[in-house]
Amino acid sequence: MTALDPARTAATPEAALAGDRDLAVRVRGVTKEFGTGDSVTRALRGVDLDVPYGELLMLVGPSGCGKTTLVSIIAGTLEPTAGEVAVLGFDLVAMSNGRKVRFRRDNVGFVYQAYNLLPALTAAENAAVPLLIAGWRRAAAVEAASDVLDTLGLGDKLASLPSELSGGQQQRVAIARALVHEPRLLVCDEPTSALDAENGRITMELIQRIAVQPDRAVIVVTHDSRVYAFADRIASMEDGRIESIAVGPRQMRTSSDSAASGSL
Ligand SMILES: Nc1ncnc2c1ncn2[C@@H]1O[C@H](COP(=O)(O)OP(=O)(O)O)[C@@H](O)[C@H]1O
Ligand SMILES: [Mg+2]
C-alpha cells in the first residue's frame, strides 16, 4: 500500500534515524509537565520503554498514572517536556510539526479514549478517513472500511451516523478507523472498555491479526484483565513511571509452543 511506503518516510532529512533498528518504539527519560509553578502536574516522571517490532505491549495502571499522556507522546500527538522518543527509527522530538502530521498519517493508527468520530459521517465513512486522506478513491476506501467494520460485527451499521450507534458500536468504528490503513504502529487507549466479552475478544483478535506483524508493533492501554491473554508483555505504570514489565501469556505460549502462536 503506497500510504505505508517506508521510502516516503525516509526521504526527509529532518527526520533523522534514531535509536535501535530492532525497536519500533524507544523512549528514554521522557517527562511531561502540564501547567507551571504551583499548579504543575508531573504526568510523566522519567519513562524508559522499548517496544520491539512484532510485539503487542499492554500498558496498565491506575487512573491518572500517565498512560494516555505516554501513548499520546509515542503517537506524536503530544510533545514531551524532556527526553527522547524514537518511533519506527525516527526521532519524533526532532521532527517538525508538518513532518510529524505526515509521519502519523502514514505510519500510526490511534484509537482515542474518546472515540473522536466525525458526527456528520456514516460509520463506513468515518472508518475510511485514513484511506481518503491517503488519496484512495472514495468507493474503494468505503469498501475497504466496510470490510473491517463487517469483521467487527457492524456490517448492518455501515450507513449509521455516530449518534445512531451505542458506545460499544462507536468504539468499534474508532478501532476500524485506526486499523483500516494497516499502520506500522497501532496505539489503542482502552479499546475494549465499552465492549462486552465477545466483542472485546473479536476486537483483540482483529488487532492481533492486522497489527501484530514482524515489521509492526501495537501498544494497548487497558484496564480490562479479560484481554491480557493477547499481550506479549505487560508494563505496569504508577505515578508517571513504569514500575515493572512482565512477560504476558502470549509470549509464554510462544516460547513454549511456537506452533500455537501462529494459529490465532
Ligand atoms: N491536558 C492536561 N492538562 C493538565 N493536566 C493533565 C492533562 N492531561 C493529563 N493531565 C494530568 O496528568 C496526569 C496523567 O493523566 P493521564 O495520562 O490522562 O492518565 P491515565 O491515562 O493513566 O488515566 C493526571 O494527573 C491528569 O490529570
Ligand atoms: Mg487515560
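Each ligand, and each atom within it, is numbered from 1 in the order the structure gives. It should be emphasised that the depicted structure is a prediction, and the values quoted were computed from it without experimental measurement.
Applying the salt bridge (Lys or Arg N to Asp or Glu O under 4.0 Å) test to residues at least two apart or on different chains, none of the pairs has a partner in residues 151-175.
The pair E198-R226 fails the salt-bridge criterion, with no side-chain N (NZ, NE, NH1 or NH2) lying under 4.0 Å from an Asp/Glu carboxylate O. Ionic pairing of E205 and R201 is present here: one or more N-O contacts between side-chain nitrogen and carboxylate oxygen are shorter than 4.0 angstrom. Checked for salt-bridge contact, K67 and D189 miss the test: no charged N lies under 4.0 Å from a carboxylate O.
Counting heavy atoms from C-beta on, the side chains of L186 and R216 never come closer than 4.5 Å.
Residue V129 belongs to a hydrophobic cluster whose other members are L118, L121, I133, with links defined by side-chain heavy atoms closer than 4.5 Å.
Inside a sphere of radius 2.8 Å centred on the Mg ion (ligand 2), the protein N/O/S atoms present are T68 OG1, Q113 OE1.
Within 6.0 Å of CD on E143 lie no more than 12 heavy atoms contributed by other residues, nucleotides or ligands.
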For ligand 1, which of its N or O atoms have a protein N or O partner closer than 3.5 Å, and how long is each gap?
residue  : atom   : partner : partner atom : Å
ligand 1 : 17 (O) : T68     : N            : 3.4
ligand 1 : 17 (O) : T69     : N            : 2.9
ligand 1 : 17 (O) : T69     : OG1          : 2.6
ligand 1 : 19 (O) : G66     : N            : 3.3
ligand 1 : 21 (O) : T68     : N            : 2.9
ligand 1 : 21 (O) : T68     : OG1          : 2.9
ligand 1 : 22 (O) : C65     : N            : 3.3
ligand 1 : 22 (O) : G66     : N            : 3.1
ligand 1 : 22 (O) : K67     : N            : 2.9
ligand 1 : 22 (O) : K67     : NZ           : 2.8
ligand 1 : 23 (O) : G64     : N            : 2.7

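Linking ILVMFWY side-chain heavy atoms closer than 4.5 Å, directly or via other members, places F110 and L78 in a single hydrophobic cluster.
Looking at every heavy atom in both residues, D91 comes nearest to V93 through OD1-N, 3.0 Å.
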